[in-house]
Number of protein chains: 2
Amino acid sequence: MERHHQWRNRLQDQGYRLTISREVIIDTLGKNTGHLSAEDIYMTIHGEHPSIGLTTIYRTLEILTRMGITIKFDFGDGRTRYELSEEYGNKKHHHHLICTECAKIIDYTDFVDEELELLHKTENELSLKYKFKITKHLIRFYGLCDNCQK
Amino acid sequence: MERHHQWRNRLQDQGYRLTISREVIIDTLGKNTGHLSAEDIYMTIHGEHPSIGLTTIYRTLEILTRMGITIKFDFGDGRTRYELSEEYGNKKHHHHLICTECAKIIDYTDFVDEELELLHKTENELSLKYKFKITKHLIRFYGLCDNCQK
DNA sequence: CTAACTGCAAATTCTTTGCATTAGT
DNA sequence: ACTAATGCAAAGAATTTGCAGTTAG
């Protein structure tokens with residue numbers, strides 16, 4: 001079954017419709033490096049689809065996030081960024097390396113396995129101790145990228 | 001040397017003055033559980049010090065953060081939260097467990113040593129590979145707290 | 001056809017800034 | 001005294017909401 005229908009079904013399951021805007025937005029998230037803000041998406045598609053407004057992008061991202069298709073990130077630069085979740089995107093599990101100077105974000109997959117092993121062990125123990133049902137972890141490094149060190 | 005003078009000196013070193021507002025704000029951060037937003041602080045002190053405005057709180061927090069006395073956190077609820085840094089606060093190194101339902105935040109110190117060991121190892125290797133000068137790490141779990149699971 | 005979706009403008013929310021006044025040192 | 005700090009009101013920036021017109025199924 002082709003992509004178009006996959007998305008349509010998935011949305012319809014929740015009572016939503018697959019519109020041009022939504023398809024374009026999902027597409028954009030899939031094609032780009034990720035970590036796009038609502039405005040990034042707007043800029044990216046505005047040439048081809050001038051009729052899609054920022055509001056629609058915000059509303060779509062909210063739905064997609066609610067459905068688990070996208071994940072919200074806040075990297076500390078004042079705008080929310082989105083990427084397709086592991087299940088729907090074309091990237092494997094990764095964590096982030098963020099430059100505090102230029103806001104550049106690097107996805108790294110190195111050591112993720114080791115990190116995950118520890119995270120899961122920790123998750124289990126914390127779940128028990130604090131009666132928390134843990135659903136998500138976050139691991140991230142901040143620093144200065146190659147360029148900004150100069 | 002008493003606290004008052006410690007803070008005064010520290011601020012004066014940077015050309016700042018120790019004012020009532022600043023003392024009260026630092027105090028509030030020290031006494032409370034941490035993770036206070038600017039408005040939380042405002043609410044907390046407004047009874048005793050009705051003349052201290054929100055603006056001053058924002059401005060003070062900015063200075064304190066620049067001086068490394070406080071640390072900014074974004075837990076995803078749309079407001080920036082602050083806590084005294086390890087050096088100045090009365091808490092040891094901890095990480096956070098955040099309820100996605102009620103926004104409750106638990107500080108945990110369990111396993112932090114093991115986490116740190118892995119983080120440092122990872123930091124070293126990532127620094128090399130990506131030529132990043134890593135200055136800060138973040139590790140955090142999200143989930144549902146005891147109450148919100150019901 | 002009918003409910004979901006949309007753009008636009010206006011409203012919200014958090015945070016920052018300009019400016020005249022007040023207060024540390 | 002001299003300059004930093006402050007409160008207030010206004011400005012900003014990102015996001016959300018109300019509403020009347022549009023479109024998917």
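A, B, ... follow the sequence lines: proteins, then strands. Residue 1 opens every chain.
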For A/Glu62, report the nucleic acid contact type (base, sugar-phosphate, nothing); a contact means any heavy atom under 4.0 Å.
nothing

Taking the six-membered ring for Trp, is the centroid-to-centroid distance between A/Tyr88 and A/Trp7 below 6.0 Å?
yes

For a quick test of reading the model: is some side-chain N or O of B/Thr19 closer than 4.0 Å to OP1 or OP2 of C/dA23?
no

Give a yes or no on whether a salt bridge exists between B/Asp74 and B/Arg81, defined as a side-chain N under 4.0 angstrom from a carboxylate O.
no

Any donor-acceptor pair under 3.5 Å linking the side-chain atoms of A/Thr70 with those of A/Thr65?
yes

Between P on D/dT16 and CD1 on A/Ile57, what's the gap in Å once rounded to a whole number?
13 Å

Can B/Lys72 be said to sit on top of B/Tyr82's aromatic six-ring, NZ or CZ under 6.0 Å from centre and within 45° of the ring axis?
no

Can a donor-acceptor pair be found between the side chains of A/His35 and A/Asp40 at a distance below 3.5 Å?
no

note: B/Ile25, atom CD1; D/dA5, atom P; distance rounded to Å ~ 12 Å

Protein-nucleotide distance (A/Arg22, atom CZ; C/dA4, atom P), rounded to Å:
11 Å

Under 3.5 Å between N/O atoms: give me all the protein pairs with nucleotides 19-21 of chain D, atom names plus distance.
none

Under 30°, 30 to 60°, or over 60°: which ring-plane class applies to A/Phe73 and A/Phe75, parallel, tilted or perpendicular?
parallel

May I ask you to list the residues of residues 35-51 of chain A, by number, that have any heavy atom positioned under 4.0 Å from an atom of DNA chain C?
A/Ser51

What's the CD-C1' distance between A/Glu23 and C/dC5, to the nearest Å?
15 Å

Could you give the CG-to-P distance, from B/Leu11 to D/dA4, as a whole number of Å?
14 Å

Roughly, in whole Å, what's the span from CG in B/Leu61 to P in D/dT6?
12 Å

Within the modelled atom types, does a donor on one side and an acceptor on the other bring the side chain of A/Arg79 and the base of D/dA13 under 3.5 Å apart?
no

Main-chain N/O of B/Ile45 paired to B/His49 side chain as donor or acceptor, under 3.5 Å
no

Quick one: is B/Ser21 getting a side-chain N or O under 4.0 Å of the D/dT6 phosphate, OP1 or OP2?
yes

Closest to the 5' end of DNA chain C, once B/His4 and A/Thr60 are matched to their nearest nucleotides, is A/Thr60

Could you please name the option among C/dT25, D/dT15, C/dC14 that lies closest to any side-chain atom of B/Arg8?
C/dT25

Could you tell me how far apart A/Tyr16 (OH) and C/dA3 (C1') are, to the nearest whole angstrom?
14 Å

I'd like to know whether the aromatic ring centres of B/His137 and A/Tyr142 sit less than 6.0 Å apart in this structure.
no

Let me confirm one number: the CZ-CG distance from B/Arg10 to B/Leu64, rounded to the nearest 0.5 Å.
11.5 Å

Of all heavy-atom pairs between A/Phe132 and B/Cys145, which one has the smallest distance, and what is that distance?
CE1-CB, 3.5 Å

Ion pair check, B/Lys121 and B/Glu117, cut-off under 4.0 Å
no

Over how many whole Å does the gap from A/Ile20 atom CD1 to D/dT22 atom C1' extend?
13 Å

Between the protein and nucleotides 9-11 of chain D, list the N/O to N/O atom pairs that are separated by less than 3.5 angstrom.
none

Short side-chain donor-acceptor distance under 3.5 Å, A/Tyr16 and A/Arg8
no

Is B/Thr80 close enough to C/dT15 that one of its side-chain N or O atoms is under 4.0 Å from OP1 or OP2 there?
yes

